[in-house]
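Here is the structure we will look at, set down as structure tokens.
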Number of protein chains: 2
Amino acid sequence: MNKMATRTLIEGGFQSGVPLYKEVRTQILQAISSGEWRAGDALPTERQLCERFHVSMGTLRKAVDDLTVTGVLVRQQGRGTFVARHSEDRYIFSFFHLVPRNAQKEYPKVDFQNFKMTIADEFAADQLNVRLGTPLVNITNRLSLGGHVASIDEIFLPAALFPGMTREVIKNRNTTLYQMYQDKFEVTVIRTAERLSAAVCSVRQGKLLEIDAGSPVLRINRVAYSFNNQPVELRLSFANTDRCEYVPG
Amino acid sequence: MNKMATRTLIEGGFQSGVPLYKEVRTQILQAISSGEWRAGDALPTERQLCERFHVSMGTLRKAVDDLTVTGVLVRQQGRGTFVARHSEDRYIFSFFHLVPRNAQKEYPKVDFQNFKMTIADEFAADQLNVRLGTPLVNITNRLSLGGHVASIDEIFLPAALFPGMTREVIKNRNTTLYQMYQDKFEVTVIRTAERLSAAVCSVRQGKLLEIDAGSPVLRINRVAYSFNNQPVELRLSFANTDRCEYVPG
DNA sequence: CAGTGGTCTAGACCACATT
DNA sequence: ATGTGGTCTAGACCACTGT
């Protein structure tokens with residue numbers, strides 16, 4: 001009987017050889033990226049999802065578990081399961097890794113520095129998986145922790161994904177950039193990949209960081225990905241680690 | 001009936017309020033750290049573990065799942081569940097984060113530099129959670145990737161945890177340090193915490209790294225923990241990131 | 001109170017490894 | 001053929017939230 005039920009589902013449209021819970025996970029992701037459930041929305045109850053996907057609680061929960069550990073869904077006991085929204089807390093917890101020495105993690109003060117349009121050079125094209133010369137938005141921010149300048153962030157966005165992005169959109173927000181990507185452009189960052197190295201800071205960076213040119217800085221190369229692993233943001237951060245450290249995870 | 005079974009177990013010695021699968025996870029960890037199952041050993045089958053802990057498959061598997069994602073156990077379909085052993089592959093995969101630019105991850109060539117006994121200064125005492133002045137082993141290694149010097153590692157171990165540790169033990173091994181800790185001293189590293197910053201390299205470090213003193217280096221502060229979250233190793237790495245990068249995760 | 005997710009059961013069959 | 005972990009079922013009760 002159990003076996004028959006499983007067989008029926010597989011023959012009914014699922015790929016064979018793929019565990020049911022992975023199929024369910026994929027279908028939930030598709031429902032989100034197709035817009036059926038938007039950021040902040042509550043999903044149907046687990047029992048309803050079981051009916052919809054024709055699976056048992058255990059299988060459904062295994063699929064949802066996967067999506068909660070990757071940060072796509074958030075469960076709240078007694079309330080429901082929700083599509084994760086970006087927030088300051090989520091940004092600090094999942095995406096921002098500079099921590100003041102001898103202090104708690106905190107959301108940085110962000111000072112807008114510059115906005116301009118540019119085109120992808122070889123490096124940016126490679127990182128963002130776009131063609132050489134693709135139009136990009138370039139934003140420069142300065143981040144401070146505890147009243148001290150911590151890093152300079154050079155941000156590059158494929159302009160095609162952010163139609164109508166202007167200096168004013170950047171300056172007039174009162175949320176994190178990732179919240180704004182989500183609310184204004186329906187671009188949801190769900191994962192980032194970072195690579196770190198040590199570098200000497202340039203004259204321009206030194207002025208912004210308020211340290212001497214030639215001082216050592218931590219260089220953080222971050223690419224942010226949306227659903228379906230599409231790169232949506234390249235961010236080069238140059239951090240002065242005199243008063244803060246980088247803590248992975 | 002289900003409810004009664006659960007109640008019986010809780011009343012029979014488990015703490016109430018704690019999920020059964022967490023109790024099971026704790027008991028498995030205790031069995032490992034008590035030596036009942038050693039690194040590389042196969043655990044009893046899942047069905048036998050169900051009987052031993054008086055839980056169902058689902059609960060047992062949830063406990064074992066937790067221990068596999070944290071790297072304590074390794075499952076092999078058709079063969080069994082094993083206590084994880086340290087190996088080159090595991091070291092690269094879980095604990096070593098320097099990756100050559102434009103190349104695959106690889107295990108570094110390790111050149112022994114120095115061995116000496118010392119005592120914990122304030123910093124080391126804090127990091128290793130020992131008293132000021134506690135005897136420590138201090139090992140200096142030089143790591144190379146692709147034929148180029150990549151980093152200098154300063155390693156500090158609480159001498160009490162490594163009785164009989166000598167220069168010869170270090171030099172005559174043909175395994176990773178973590179394998180040696182496990183095989184010769186029954187110290188099993190299951191987790192590390194790292195913090196990164198940028199620094200300028202000293203004259204001594206410059207000579208070992210074969211770069212100019214004053215060059216920027218990546219400073220990696222790593223503390224390794226055994227079961228029960230006991231710190232067992234402090235490692236300060238100074239990396240030349242000209243030919244490699246640090247990749248978290 | 002009703003409704004949600006959280007935990008747990010007592011099995012079953014499937015895929016893989018070893019003998 | 002046997003034994004292992006991997007997947008899945010069809011429920012149950014528990015803990016928490018909001019009315």
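Everything numeric in this text was worked out from a predicted model, so none of it was measured. In the text below, chain A, chain B and the rest are named by the order of the sequence lines, each starting its count at 1.
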Residues at least two apart in sequence or cross-chain that pass side-chain hydrogen bond (donor to acceptor under 3.5 Å, both in side chains) with D111(B), listed by chain then number, are K109(B)
Separation of dG6(D) atom C1' from R79(B) atom CZ, nearest Å, is 16 Å
Sequence neighbours excluded, the answer for side-chain hydrogen bond (donor to acceptor under 3.5 Å, both in side chains) partners of R79(B) is Q76(B)
Side-chain atoms of R61(B) come closest, of dT7(D), dG5(C), dT9(C), to dT7(D)
Each base of DNA chain D marked ( ) or [ ] if paired in-strand (Watson-Crick or G-U under 3.5 Å), | if paired to another strand and . if unpaired gives ||||||||||||||||||.
For dC8(C), does either OP1 or OP2 sit under 4.0 Å from a side-chain N or O belonging to S56(B)? no
Whole-Å distance, E46(B) CD to dC14(C) C1', equals 14 Å
What do you reckon, are the aromatic ring centroids of Y107(B) and F96(B) less than 6.0 Å apart? no
Checking dT9(D), dT9(C), dC8(C) against the side chain of L20(A) (C-beta onward), the nearest is dT9(D)
- Message: Please confirm whether the shortest side-chain N or O distance from Y21(B) to OP1 or OP2 of dC8(C) is below 4.0 Å.
- Response: no
The answer to which of G78(A) and M57(A) contacts DNA chain C further toward the 5' end, by nearest nucleotide, is G78(A)
- Could you tell me if the ring centre of H86(A) sits under 6.0 Å from that of Y181(A)? no
- Query: Would you say a side-chain N or O of K62(B) is under 4.0 Å from OP1 or OP2 of dT7(C)?
  - Reply: yes
Given the options D89(A), L98(A), V99(A), K105(A) meets side chain to side chain contact (heavy atoms under 4.5 Å, CB included) only with V99(A)
- Give a yes/no on whether any side-chain N or O of T59(A) is located under 4.0 angstrom from OP1 or OP2 of dT9(D). yes
